Amino acid sequence: MNLTLKIWRQNGSSDKGRMVTYRVEDVSPDMSFLEMLDVLNERLILEGDDPVAFDHDCREGICGMCGMVINGVAHGEQKLTTTCQLHMRHFKDGDVITIEPWRAAAFPVVKDLVVDRSAFDRIIQAGGFISVPAGSAPEAHSVPVPKADADAAFDAATCIGCGACVAACPNGSASLFTAAKITHLSLLPQGQPERESRARAMVEQMDAEGFGGCTNTGECTAVCPKGIPFDTIAQMNADYLKAASK
Amino acid sequence: MAVTGAALVLFLIGHMLGNLKIFLGADSFNHYADWLRTVGSPALPNRTLLTITEIVLVVCVVLHMWAAVSLARRAAKARPVKYAAKRKSQANGYATHTMRYGGVIIVLFVIWHLLDMTFGTVNPKGGDATPYDRMIAGFQPDRWWVALFYLVAMAMVGLHLRHGLWSAFQSLGLTRRPRVRSTLQTTAVAVSAVLVLGFVSAPVCILIGVVK
Ligand code: HEM
Ligand code: SF4
Ligand code: FES
């Protein structure tokens with residue numbers, strides 16, 4: 001199939017940036033979205049042009065590096081799918097596809113579709129850890145964890161930190177990411193000692209990074225490639241309120 | 001947002017129940033309006049309950065609007081560059097997208113409504129008539145547009161509460177597990193629906209002449 005791409009090109013953080021239109025021909029429906037961009041980039045390189053910069057690493061939906069807003073939807077319209085796992089069979093010949101970077105003040109554009117997501121790292125640094133004595137691994141059965149808690153914690157822990165939740169949120173809020181990280185620790189026994197200080201520190205860091213405030217629109221979980229449940233935000237709010245009321 | 005909104009919802013429940021007294025006749029309704037002004041007397045001065053309610057309402061409405069404006073301003077700051085492609089909503093929540101302009105419509109409604117029912121300025125019977133007469137006169141068929149405005153405003157109130165109520169449960173951290181979440185979702189829909197039906201029943205019945 002033949003496609004028209006409208007891609008955001010921005011040569012560095014101080015460049016103003018603009019949408020540029022490209023034609024890509026003979027795209028196979030079996031290609032992934034990133035492979036389709038590879039085809040475009042190989043051509044651009046042969047023609048002596050600057051290839052479109054985009055982030056990617058694992059290309060199997062687990063690292064969270066890839067991410068772009070495709071036709072106005074973070075990671076494209078396919079549910080529970082990262083951009084690298086999105087296949088061209090979901091598009092048809094003649095389609096015009098708009099491709100933009102995550103838009104958030106806290107995620108400045110580095111180049112083209114690549115944004116700097118270090119704000120997420122700083123949120124994790126603020127409290128996304130547990131303090132345990134180092135040494136050999138403890139006996140797995142020494143701390144029992146109820147099955148329901150283990151499952152909910154595990155669901156939250158599948159967040160890959162891609163940032164789609166921020167990109168999709170009308171408020172540019174990072175609540176789903178932060179809530180996933182808070183929940184996965186706060187439901188487990190190992191996370192209890194720092195539970196309240198963690199919620200407080202991570203929420204405060206999230207606000208300090210310049211993300212917007214959550215108004216519970218639910219756009220985040222709808223685009224999240226890992227289906228992080230909305231319940232995590234309630235868990236974050238509960239932990240934060242408990243910490244703040246002391 | 002959640003706390004001030006919850007206070008406003010409590011007021012709406014009381015107000016809706018009070019309005020239903022219109023179906024019990026003029027005496028019952030006027031007596032109720034009178035009771036609102038004289039409750040606690042002579043131990044308390046007249047209008048104690050009303051004055052307290054009015055102060056709490058004004059404080060809540062102002063704080064509620066202040067919170068909404070700060071959230072909107074934070075959102076604008078958090079995304080200085082807009083998307084070129086129209087962002088398609090992926091979370092089918094119609095009510096969610098009406099919150100900001102819906103809130104503005106409700107405020108405009110409340111202003112008109114106070115001029116109509118409380119001060120009587122825009123009411124055909126004026127401020128000196130009994131509350132019952134004001135209400136009946138307000139919704140006569142030749143003033144169908146007033147009733148229509150009330151109905152549209154109540155639809156907005158319903159949408160506002162449908163999202164607002166469940167959003168408040170979420171903000172207060174109550175919806176942590178799927179089962180509780182779906183129960184509270186249903187509660188939000190049910191409370192909004194009952195409030196809207198309760199509120200629209202009086203204007204509709206007056207408009208079609210069932211209550212005279
Ligand atoms: C169809 C729906 C409604 C009807 C028929 C209605 C009717 C009335 C009436 C008759 C009064 C005057 C009572 C008296 O003088 O004792 C009143 C007062 C008032 N109403 Fe409504 N109302 C409706 C919906 C609403 C809604 C949705 C709101 C808020 C969003 C609201 C806010 C108020 C306020 C703030 C007052 C003044 C209370 C006070 O003076 O303390 N009303 N309403
Ligand atoms: S919550 Fe979902 S959308 Fe947000 S960063 Fe984690 S995986 Fe990505
Ligand atoms: S490249 Fe790793 S998740 Fe897409």
Side-chain angles (χ1 to χ4, degrees), chain A residues 6 8 17-19 69-74 77 79 96-107 109 148 152 166-174 183 187 207 209-224 229-242, chain B residues 1-3 5 64 66-103 160-185 188:
Chain A
K6 291 187 175 170
W8 180 258
R18 73 225 70 99
M19 300 298 290
V69 173
I70 303 168
N71 286 337
V73 183
E77 271 187 78
K79 296 276 174 212
V96 179
I97 307 174
T98 310
I99 310 174
E100 297 168 85
W102 292 166
R103 292 292 187 199
F107 288 165
V109 172
V166 175
C169 177
N171 300 305
S173 165
T183 303
L187 292 180
D207 290 345
E209 295 291 345
F211 292 107
C214 177
T215 61
N216 303 319
T217 65
E219 296 294 335
C220 52
T221 63
V223 299
C224 173
F230 218 15
D231 315 13
T232 56
I233 297 185
Q235 182 69 53
M236 167 172 79
N237 291 339
D239 284 5
Y240 181 81
L241 285 177
K242 200 153 167 227
Chain B
M1 263 316 10
V3 176
H64 198 74
W66 172 78
V69 170
S70 358
L71 276 166
R73 290 181 50 185
R74 263 182 78 184
K77 247 172 75 187
R79 176 160 303 126
V81 184
K82 305 280 173 265
Y83 289 107
K86 197 171 149 30
R87 230 184 33 235
K88 284 182 222 139
S89 169
Q90 299 295 297
N92 36 34
Y94 177 69
T96 311
H97 304 286
T98 65
M99 294 306 279
R100 282 177 191 155
Y101 75 85
H160 208 77
L161 292 186
R162 193 257 166 275
H163 175 74
L165 270 172
W166 110 257
S167 183
F169 295 141
Q170 171 89 349
S171 297
L172 297 174
L174 305 176
T175 46
R176 278 166 292 180
R177 288 296 158 98
R179 271 246 301 290
V180 187
R181 159 179 306 274
S182 63
T183 314
L184 290 179
Q185 278 273 20

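Please read these numbers as outputs of a predicted model, since none were measured by experiment.
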Engineer: Please determine whether the number of non-hydrogen atoms from other residues, nucleotides or ligands lying under 6.0 Å from atom NZ of K79(A) exceeds 12.
Structural biologist: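 Yes, the 6.0 Å shell around NZ holds more than 12 heavy atoms from other groups.
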Engineer: For S89(B), is there any backbone N or O sitting under 3.5 Å from a side-chain donor or acceptor partner on E219(A)?
Structural biologist: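 No.
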Engineer: Among R177(B), R181(B), R176(B), which residue meets the salt bridge (Lys or Arg N to Asp or Glu O under 4.0 Å) test with D231(A)?
Structural biologist: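 The passing option is R181(B).
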Engineer: Can you establish whether the number of heavy atoms outside R100(B) located under 6.0 Å from its atom CZ is more than 12?
Structural biologist: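 Enclosed: over 12 neighbouring heavy atoms sit under 6.0 Å from CZ of R100(B).
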Engineer: Quick one: does any side-chain atom of Q170(B) pair with a main-chain N or O of N216(A) as donor and acceptor, under 3.5 Å?
Structural biologist: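 Such a contact is absent between Q170(B) side chain and N216(A) backbone.
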Engineer: In terms of heavy-atom proximity below 4.5 Å to chain B, should P170(A) be classed as side chain, backbone, both, or neither?
Structural biologist: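 Contact with chain B is through both the backbone and side chain of P170(A).
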Engineer: What are the two closest heavy atoms between A78(B) and G172(A), and how far apart are they?
Structural biologist: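 Nearest pair, atom of A78(B) first, then G172(A): CB-O, 4.0 Å.
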Engineer: With rounding to the nearest 0.5 Å, note down the distance linking CD in E100(A) to CZ in R87(B).
Structural biologist: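 With rounding to 0.5 Å, CD (E100(A)) is 10.5 Å from CZ (R87(B)).
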Engineer: Do you know which of A106(A), C169(A), G17(A) has the most heavy-atom pairs with chain B at a distance under 4.5 angstrom?
Structural biologist: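 Sorted descending by pairs with chain B, the first entry is C169(A).
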Engineer: Short question: side chain of Y83(B), backbone of A167(A) - any donor-acceptor pair under 3.5 Å?
Structural biologist: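 Between the backbone of A167(A) and the side chain of Y83(B) there is a qualifying donor-acceptor contact (under 3.5 Å).
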Engineer: When the aromatic ring centroids of F230(A) and W166(B) are compared, is their separation below 6.0 Å?
Structural biologist: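 Centroid separation for F230(A) and W166(B): below 6.0 Å.
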Engineer: Does K82(B) NZ have over 12 foreign heavy atoms under 6.0 Å away?
Structural biologist: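 Yes - once you tally the heavy atoms of other residues, nucleotides and ligands closer than 6.0 Å, there are more than 12.
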Engineer: Q235(A) side chain to G173(B) main-chain N or O, any donor-acceptor pair under 3.5 Å?
Structural biologist: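 Pair absent, no side-chain N/O of Q235(A) close to backbone of G173(B).
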Engineer: Need one label for L187(A): side chain, backbone, both or neither, based on atoms under 4.5 Å from any heavy atom in chain B.
Structural biologist: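 Side chain only.
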Engineer: Which atom names give the shortest non-hydrogen contact between G72(A) and A85(B), and what distance separates them?
Structural biologist: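 Heavy atoms of G72(A) and A85(B) come nearest at N-CB, 3.6 Å.
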Engineer: With a 4.5 angstrom heavy-atom cut-off, is it the side chain or the backbone of L241(A) that approaches chain B, or both, or neither?
Structural biologist: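 The side chain, not the backbone.
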Engineer: Do you know which of V223(A), T183(A), V69(A), I70(A) has the most heavy-atom pairs with chain B at a distance under 4.5 angstrom?
Structural biologist: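 Max contact count across the listed options: V69(A).
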Engineer: Looking only at heavy atoms and a cut-off of under 4.5 Å, which of T175(B), L174(B), L172(B) has the most pairs with chain A?
Structural biologist: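 If we count pairs closer than 4.5 Å to chain A, T175(B) comes out on top.
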Engineer: Using a 3.5 Å distance criterion without hydrogens, assess whether the side chain of R74(B) forms a donor-acceptor pair with backbone atoms of F211(A).
Structural biologist: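 It does hold such a pair.
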Engineer: State whether the number of non-hydrogen atoms from other residues, nucleotides or ligands found under 6.0 Å of Y101(B) atom OH is greater than 12.
Structural biologist: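 Yes, because the 6.0 Å sphere around OH of Y101(B) holds more than 12 heavy atoms from other groups.
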Engineer: Looking at R79(B) and V166(A), would you say the former's side chain and the latter's main chain have a donor-acceptor pair under 3.5 Å?
Structural biologist: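 Checking the backbone N and O of V166(A) against the side chain of R79(B), a donor-acceptor pair under 3.5 Å is found.
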Engineer: Relative to chain A, which segment of K77(B) carries a heavy atom at a distance below 4.5 Å: side chain, backbone, both, or neither?
Structural biologist: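 For K77(B), backbone heavy atoms alone lie under 4.5 Å from chain A.
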Engineer: Measure across T217(A) and T96(B) and return the closest heavy-atom pair with its distance rounded to 0.1 Å.
Structural biologist: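 Minimum heavy-atom contact is CA-CG2, 3.5 Å.
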